[in-house]
Amino acid sequence: MIVAIDGPAGAGKSTVARGVARALGIRHLDTGAMYRALTWKAMAEKVEPSDGAALAALARRTSFTFGPSGIIVDGRPMEREIRSRRVGHLVSMVSAHPAVRRELVLRQRAIVDSEDAVIEGRDIGTVVCPGADVKVFLTASAAERARRRHRELLRSGMVITYRTLKRELVRRDALDATRPVSPLAPAEDAYVIDSTARSSAEVVAEIIGLVRAAQRRS
Ligand code: DC
C-alpha cells in the first residue's frame, strides 16, 4: 500500500501523513526533509545553492534514513536543524535542479519499493510514485497555512511576524509551482482535499476511508 500526499507548504501534510501512517501501521516518508537536509549540508560544506552538479554530487555521497524522530543524515538526527528559516529560504533553489531531483527521487523510490508507506512531498503522485494506490493533494488557503506555520514556529521559540511568514510561504509556493522540473501540481487522479476548515483528525479519517476503498477494489 502506497499513499501519496502532495500539496503546498503548511497544508498539514506532515501531521496528516504521520496520522495515516500510524493508523495503518506503515512507514512515513517525508521527502521535503530530504531536500531540506541536502540544503543544510550544502550550507555546512559551502556548496553554492545555484550549483546543480555539485549539489547532486553532494547528494550522492550522503546517506538519508528515517528514524522515529525524523530524518537521519549520515547517521546524525537532523530534524531540528533542517527546519531553520535559512534552510527554508534556500531549499526551493536547491530542489529546482533536475540533477538533484533525479538523485533524491531514486533514493525515495528505493525506500518505498521495499515496503508500504505514506509518502509526502510535491511530486509524489506525479513523478515519484505515479502508481500509488491512493493519491491525495492536500491544500488550504494561504492565510490558514501561514497561521498554522506561525503557530508552529512560535511554539518552537522562533520569533517571526505573521506577515513576514505569509510572504515567505507564498514566495516558496510560487517558486515550487512554477519551476520547470516536477512543479507542484495535483496528479490527474488525485483526491483534492481542502483542509482550511477541517481538523487533521477529520482529514486522516477521510484518507483512511480512501485507503479502505482502494483495498476493496484490489
Ligand atoms: O515539505 P517541505 O516544506 O518541508 O519541503 C521543503 C521544500 O522542498 C519545498 O519548498 C519544496 C521542496 N520539495 C520538493 O521539491 N519536492 C518534494 N517531493 C518535497 C519537497
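In each ligand, atom 1 is the first atom listed, and ligand 1 is the first ligand listed.
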Chemist: Mark the output for R83 as yes if a heavy-atom distance to ligand 1 is under 4.0 Å, and as no if none is.
Modeler: yes

Chemist: Salt bridge or not for R101 and D123, using N-O below 4.0 Å?
Modeler: yes

Chemist: Checking a contact table here: which protein heavy atom is nearest atom 19 (C) of ligand 1, and how many Å away?
Modeler: T31 OG1, 3.4 Å

Chemist: Any idea which part of R122 is under 4.0 Å from ligand 1, heavy-atom wise: side chain, backbone, both or neither?
Modeler: both

Chemist: Any nitrogen or oxygen of D30, side chain or backbone, less than 3.5 Å from one on ligand 1?
Modeler: no

Chemist: Can you list the residues that meet the salt bridge (charged side-chain N to carboxylate O under 4.0 Å, His left out) rule with R36, with sequence neighbours excluded?
Modeler: none

Chemist: Return the residue, atom name and 0.1 Å-rounded distance of the protein heavy atom closest to atom 18 (N) of ligand 1.
Modeler: D123 OD1, 2.8 Å

Chemist: Does this structure show an ion pair linking K41 with D74, if we count only N-O contacts that are shorter than 4.0 Å?
Modeler: yes

Chemist: With a 3.5 Å distance limit and no angle check, can you tell me whether R148 reaches the backbone of A11 through a side-chain donor-acceptor pair?
Modeler: yes

Chemist: Could you tell me whether R171 and E168 have a side-chain N and a carboxylate O separated by less than 4.0 Å?
Modeler: no

Chemist: Of the protein's non-hydrogen atoms, which lies at the shortest distance from atom 4 (O) of ligand 1, and what is that distance?
Modeler: R36 NE, 2.7 Å

Chemist: Within ligand 1, which atoms have a heavy atom of S92 less than 4.0 Å away?
Modeler: 10 (O)

Chemist: As an exercise, identify every atom of ligand 1 less than 4.0 angstrom from a heavy atom of R172.
Modeler: 3 (O), 5 (O), 6 (C), 7 (C), 9 (C), 10 (O)

Chemist: Would you say E120 touches ligand 1, if touching means a heavy atom closer than 4.0 Å?
Modeler: no

Chemist: Please identify which atoms of ligand 1 are closer than 4.0 Å to at least one heavy atom of S95.
Modeler: 12 (C), 15 (O)

Chemist: Heavy-atom pairs closer than 4.0 Å: do any link ligand 1 to the side chain of H89, the backbone, both, or neither?
Modeler: neither

Chemist: Taking only Lys NZ, Arg NE, NH1 and NH2, and the carboxylate oxygens of Asp or Glu, determine whether D176 and R122 approach each other closer than 4.0 Å.
Modeler: yes

Chemist: Could you tell me which atoms of ligand 1, counted from 1 in the order shown, lie closer than 4.0 angstrom to a heavy atom of D176?
Modeler: 9 (C), 10 (O), 11 (C)

Chemist: Using a strict threshold of under 4.0 Å (side-chain N to carboxylate O), is an ion pair present between R27 and E115?
Modeler: yes

Chemist: Taking only Lys NZ, Arg NE, NH1 and NH2, and the carboxylate oxygens of Asp or Glu, determine whether D173 and R145 approach each other closer than 4.0 Å.
Modeler: yes

Chemist: Please state which protein non-hydrogen atom is closest to atom 20 (C) of ligand 1 and give its distance, to 0.1 Å?
Modeler: G32 CA, 3.5 Å

Chemist: What part of R101 sits under 4.0 Å from ligand 1 if we count only heavy atoms: the side chain, the backbone, both or neither?
Modeler: side chain

Chemist: Between E152 and R83, is there a side-chain N and carboxylate O pair less than 4.0 Å apart?
Modeler: no

